[in-house]
Asks: 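Questions regarding the structure given below will be posed in turn.
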Amino acid sequence: MHPTNSPADRLAAVGNQMIEIHLWLSAELARLRAGLDTPSRDLRAHCLTFCAALGRHHTGEDAGAFRLLAEQVPELRPVIANLITDHEVVAGILERVEALLAGDTAVPAAQVRGELDGLAALLESHFRYEEKRLVSALNALTGRPGQAEELLGLTVPPQVTD
């Protein structure tokens, strides 16, 4: 039997994996925003895929990593509450973007751009705050090895070249 917090009980650098996910999501959002100048069905699909990935990530954090952190590091509960509030605001933006992209009419690029610009500003602040406050604690989490994807909602997909 291993003592609590032994290497065998530690998760593998969940905080570092969260940073990788944040970098990937930020890069995807930048690509999405750059593609708004040439609206197409591909843009709509890319946008909906991005919205789903970001939503899965935040849902995974709320139900996984944040729940574990609240149990193992109770002093982080106020930080976690702030981050969950941010997740709710982000979810509202994602719902508006998805509504704008629904239907068969042309994508209203100016409205989508406004929503994505606001999302980019919020996520930049949110990601930095989350990383600054949680990475060390996430890297010290205990649980079953290989649980990171479950705790963070997704893994960074392999790099695809255009």
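All of these numbers come straight from a predicted model, not from anything done at the bench. All residue numbers refer to positions in the sequence shown, counting from 1.
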Asks: Rounded at 0.5 Å granularity, tell me how far CG in Leu100 sits from SG in Cys47.
Replies: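 Answer rounded to 0.5 Å: 9.0 Å.
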Asks: I need the Leu69 CG to Leu134 CG distance, nearest 0.5 Å.
Replies: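 Spacing of CG (Leu69) from CG (Leu134) equals 6.0 Å.
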Asks: Working to the nearest 0.5 Å, report the span between CG of Asp62 and CD1 of Ile84.
Replies: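 Spacing of CG (Asp62) from CD1 (Ile84) equals 4.5 Å.
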Asks: Return the minimal non-hydrogen interatomic distance between Cys51 and Val97, and the atom names on each side.
Replies: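 Heavy-atom minimum between the residues: SG-CG1, 4.0 Å.
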Asks: Taking all non-hydrogen atoms of both residues into account, name the closest pair between Gly55 and Leu94 and its distance.
Replies: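 In this case the closest contact between Gly55 and Leu94 is N-CD1, 4.1 Å.
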Asks: Check whether any side-chain heavy atom of Ile21 sits under 4.5 Å from a side-chain heavy atom of His57, and report yes or no.
Replies: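 Yes, their side chains come closer than 4.5 Å.
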Asks: Please enumerate all residues that pass side chain to side chain contact (heavy atoms under 4.5 Å, CB included) together with Glu71, with sequence neighbours excluded.
Replies: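 Per chain and number, Glu71 pairs via side chain to side chain contact (heavy atoms under 4.5 Å, CB included) with Arg67, Leu68.
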Asks: Looking at side-chain heavy atoms only, is the closest gap between Phe66 and Leu151 below 4.5 Å?
Replies: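 Of all side-chain heavy-atom pairs linking Leu151 with Phe66, none is under 4.5 Å.
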Asks: Might you point out which heavy atoms bring Leu76 and Ala137 nearest each other, and give the distance in Å?
Replies: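 Closest approach of Leu76 to Ala137: CD1-CB, 3.6 Å.
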Asks: Between atom CG of Leu138 and atom CD of Glu61, what is the distance when rounded to the nearest 0.5 Å?
Replies: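 Leu138 CG to Glu61 CD: 8.0 Å, rounded to 0.5 Å.
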Asks: Please name all residues satisfying side-chain hydrogen bond (donor to acceptor under 3.5 Å, both in side chains) with Glu115, sequence neighbours left out, ordered by chain then number.
Replies: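 Only Arg96 meet the side-chain hydrogen bond (donor to acceptor under 3.5 Å, both in side chains) criterion with Glu115.
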Asks: With sequence neighbours left out, write down each residue that passes ring-ring contact (aromatic ring centres under 6.0 Å, His included) with Phe50, or none if nothing qualifies.
Replies: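 Partners of Phe50 under the ring-ring contact (aromatic ring centres under 6.0 Å, His included) test: none.
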Asks: His58 vs Glu88, test: side chain to side chain donor-acceptor pair (under 3.5 Å). Steps then yes/no.
Replies: CA-CA 9 Å; His58 283 165; Glu88 292 166 358; over 6 Å; no
Asks: Suppose we screen for side chain to side chain contact (heavy atoms under 4.5 Å, CB included). Which residues come up paired with Ala81, at least two apart in sequence or across chains?
Replies: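 Ala81 satisfies side chain to side chain contact (heavy atoms under 4.5 Å, CB included) with no residue once adjacent residues are dropped.
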Asks: Can you check whether Asn16's main-chain N or O pairs, donor with acceptor, with Asn139's side chain at less than 3.5 Å?
Replies: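 Side chain of Asn139 to backbone of Asn16: a pair is present.
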Asks: Could you pull out all residues at least two apart from Arg113 that satisfy side-chain hydrogen bond (donor to acceptor under 3.5 Å, both in side chains)?
Replies: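 For Arg113, the residues satisfying side-chain hydrogen bond (donor to acceptor under 3.5 Å, both in side chains) (neighbours in sequence not counted) are Asp37.
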Asks: Using 0.5 Å steps for rounding, measure from the CG atom of Leu25 to the NE2 atom of His22.
Replies: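 That separation rounds to 7.0 Å.
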Asks: Taking the side chain as every heavy atom from C-beta outward, state whether Leu54 and Leu123 have any pair of such atoms under 4.5 Å apart.
Replies: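 Result yes, sub-4.5 Å side-chain heavy-atom pair found.
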Asks: Provide the full list of side-chain hydrogen bond (donor to acceptor under 3.5 Å, both in side chains) pairs with a residue in residues 117-128, sequence neighbours left out, each pair given once.
Replies: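 Sorted pair list: Arg33-Asp117, Asp86-His126, His87-His126, Glu124-Arg128, Arg128-Glu131.
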Asks: Quick one: closest heavy-atom pair of Val112 and Leu36, and the distance?
Replies: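 Result for this residue pair: CG1-CD2, 3.7 Å.
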Asks: Identify the two heavy atoms, one from Ala65 and one from Leu152, that lie closest to each other, and give their separation to 0.1 Å.
Replies: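 The pair with the smallest heavy-atom distance is CB-CD2, 4.2 Å.
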Asks: Going by heavy atoms in the side chains, are Tyr129 and Val79 under 4.5 Å from each other?
Replies: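 Counting from C-beta outward, Tyr129 and Val79 do come under 4.5 Å.
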Asks: If I take atom CD1 from residue Ile80 and atom CD from residue Glu75, how far apart are they, to the nearest 0.5 angstrom?
Replies: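 One finds 9.5 Å between CD1 of Ile80 and CD of Glu75.
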